[in-house]
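Some notes on the structure that comes next.
To find a chain, count down the sequence lines: A is the first, B the second, and so on, and within it residues start at 1.
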Amino acid sequence: MDIYTDGSKWRFLEHKGPVFAPPYEPLPDNVRFFYDGKNMKLSAPAEEVATFFAKMLDHEYTTKDIFRKNFFKDWRKEMTPEEKSKLTDLNKCNFSEMNEYFKAQSEAKKQMSKEEKQKIKEENERVLQEYGYCIMDNHKERIGNFRIEPPGLFRGRGDHPKMGMLKRRIRPEDIIINCSKDSKQPKPPPGTRWKEVRHDNKVTWLVSWTENIQGSIKYIMLNPSSRIKGEKDWQKYETARRLKKCVDRIRAQYRDDWKSKEMRIRQRAVALYFIDKLALRAGNEKEEGETADTVGCCSLRVEHIKLYPKIDEQEYVVEFDFLGKDSIRYYNKIPVEKRVFKNLQLFLENKQPEDDLFDRLNTSILNKHLQELMDGLTAKVFRTYNASITLQQQLKELTCPDDSIPAKILSYNRANRAVAILCNHQRAPPKTFEKSMQNLQTKIDEKQKQLSTARKQLKTAKADHKASHDDKSKKAVEVKRKAVQRIEEQLMKLQVQATDREENKQIALGTSKLNYLDPRISVAWCKKWGIPVEKIYNKTQREKFAWAIDMAEDDYEF
DNA sequence: TCTCCGACTTGTAGGAATCTCA
DNA sequence: TGAGATTCCTACAAGTCGGAGA
């Protein structure tokens, strides 16, 4: 599928390098910091780190012990010896003037005149034009993230042991540039130099640096609309379609393996069943103490499942309760085949809650096995496959040919939602959720009042007509009848909207749409039912899925 | 076989931009 | 016309997976 057969990703690559975070601007003298009630002027490096904390004062993070502890430890490293000896207790630090200053700043920004805002916009556009594009082979391509991450306090998700640590400022000396030999090399800012300039066309990134919290590498890569990303995306869905062709065979095989004499094979087969049926992630091992304690399928522990031989009229029920990626809770209670249940009981024997459920299995073993079953098959392909096939099935099931366009779009959202639920894509309910539901309810109530008034009027009109039997009263009845009908429709629409919103309260549709659903299914559906593709994909999404919009006809089958 | 690292995909939060309605 | 609601978009964290090296 790659355009080059030797594993190289490009022949020519030219870009302008990254945009660095603006330098620190010291606070004006009237913005004070207090320690133990006393005003204290901080050195510039200490002040900068203090402002990171001050900006977050309203955030829950700053109330967490680990965050405070990590922050204070790293902050002290930036202090002068004098500051270090004075500032020994974070609880005695008063950042409130700083906090108010930044709030005022952002307020002022909002209040800027149209002209000032326009000027900023133009400057941003200029930077985008200069740094936001590169030439890869014969195309000008949009770069994804050409700005280097500014310094700040690390915000890990969930119970992250490193939250609050200082993310240091990235300098040109930290930066590795990747471009082709025959290109015009990006220049480092005056008086600085790059860490390295290399010409590696086996990778797709343009710029990289090592981040100081986990020691991992960060990259600048191309935008999803680029050829290189689009082709990879297409390839991903083609792999999932190949799985469709052999999934029955694979399922039969793992069901058979539930009976294996070998423990490792039974574990592998049960894990694969979960990955297939429940769309669980693979679950790599993680270094303890370096990250939040989260798991996927292969790293599930005894404490994450409960077995019920019989509960609520159902037999062989497994209850899952664990924190997955981004510390999102996965909770599910499902009946499984008797064999799976018996195997799980076996796996649990003589184990402590913190022991691995699949002690003879890891992602590398599982993926090696999958590779043997199908070329290019890995655990995550099941998620892609099951998501896409579910969308296709649901669309078939839910779309009514006679429905209006809004009703069809509602069906699309419901199909999308089924996938999001399968993949456990949750979101925090929007802060304004209750209020917006209330507003909608008010509208519904008003509509209902309107309806009952209209119905009364219809009744009166009917009575009038019965009494007079003239044409005029007959027409009046018709008019009122139409009015009732119209209001009924409007009411139904509002109610559907309310249901849709309620159902979507804790579900995030974006991730599945962007990463799991073969866009050709959606494009074909749009073409088949005459729905403008803009109703399904916004501008960015259409750019990302341009390849699919070009490619798919109305009869496309995943 | 195990560990570590590099490259790349997937994921949510939150701010910016845009829309909607009084 | 401006505030609040909603949608879009970016930032960047957190996964997956393959391969090198011991």
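Residues A:Ile421 and A:Ile507 have side chains in contact (heavy-atom distance under 4.5 Å, counting atoms from C-beta outward). Within the 4.5 Å cutoff, no side-chain heavy atoms of A:Val203 are placed close to those of A:Lys9. The side-chain heavy atoms of A:Ile536 and A:Tyr412, taken from C-beta on, include a pair separated by under 4.5 Å. Counting heavy atoms from C-beta outward, A:Leu153 and A:Asp74 have side chains that stay 4.5 Å or more apart.
Across C:dC8, B:dC8, B:dT12, the shortest atom-to-atom separation from the side chain of A:Thr511 is found for B:dT12. In the set C:dT6, C:dC9, C:dC12, C:dC9 carries the atom at the smallest distance from any side-chain atom of A:Lys539. Checking C:dT6, C:dC17, B:dG6 against the side-chain heavy atoms of A:Ile217 singles out B:dG6 as nearest. Taking every side-chain heavy atom of A:Met221 into account, B:dA7 is the closest of B:dG11, B:dA7, C:dC9. For A:Lys325, counting side-chain heavy atoms from C-beta on, the closest listed nucleotide (B:dG11, C:dC12, C:dC17) is B:dG11. Distance from the side chain of A:Arg142 is smallest for C:dT10 among the nucleotides C:dT10, C:dC17, B:dA7.
Note on A:Asn145: every side-chain N or O is 4.0 Å or more away from OP1 and OP2 of C:dC12. Dashed line: the shortest gap from a side-chain N or O of A:Gln214 to OP1 or OP2 of C:dA14 is under 4.0 Å. Close to B:dT10, at under 4.0 Å from its OP1 or OP2, lies no side-chain N or O of A:Arg383. Contact annotation: A:Lys236 side-chain N/O to B:dT10 OP1/OP2 distance is under 4.0 Å. At C:dA11, none of the side-chain N or O atoms of A:Arg157 fall inside 4.0 Å of OP1 or OP2 (strictly under the cut-off). Between A:Asn284 and C:dT16 there is a side-chain N or O to OP1 or OP2 distance below 4.0 Å. Not one side-chain nitrogen or oxygen of A:Lys218 sits closer than 4.0 Å to the OP1 or OP2 atom of C:dC12.
Here the side chain of A:Asp174 pairs a donor or acceptor atom with the backbone of A:Arg171 at under 3.5 angstrom.
As rounded to whole Å, 13 Å separates atom P of B:dT12 from atom CG of A:Leu323. Residue A:Arg281 contributes atom CZ, which lies 7 Å from atom P of C:dT16 at whole-angstrom precision. Rounded to whole angstrom, the span from the OH atom of A:Tyr385 across to the C1' atom of C:dT16 amounts to 21 Å. Here C:dC12 presents its P atom at 19 Å from CH2 of A:Trp205, a figure rounded to the nearest Å. Per the geometry, CD1 belonging to A:Ile143 stands 15 Å off C1' belonging to C:dT10, to the nearest Å. In this structure, CG of A:Leu509 is placed 14 Å from P of B:dA13, rounded to the nearest angstrom. What separates NZ of A:Lys202 from C1' of B:dC8 is a distance of 17 Å, to the nearest Å. Whole-Å rounding puts the A:Glu285 CD to B:dT1 C1' distance at 12 Å.
For a distance-only test at 3.5 Å, the side chain of A:Lys380 fails to qualify as a donor-acceptor partner of the base of B:dT10.
Comparing A:Gly156 and A:Thr378 along DNA chain C, the residue whose closest nucleotide (by nearest heavy atom) sits nearer the 5' end is A:Gly156. Between A:Ala282 and A:Gln111, the residue whose closest nucleotide on DNA chain C is further toward the 5' end is A:Gln111. Closest-nucleotide positions on DNA chain B for A:Lys109 and A:Asp326 were compared, and the one nearer the 5' end corresponds to A:Asp326. The residue among A:Asp233 and A:Lys121 whose nearest nucleotide of DNA chain B is located toward the 5' end is A:Asp233.
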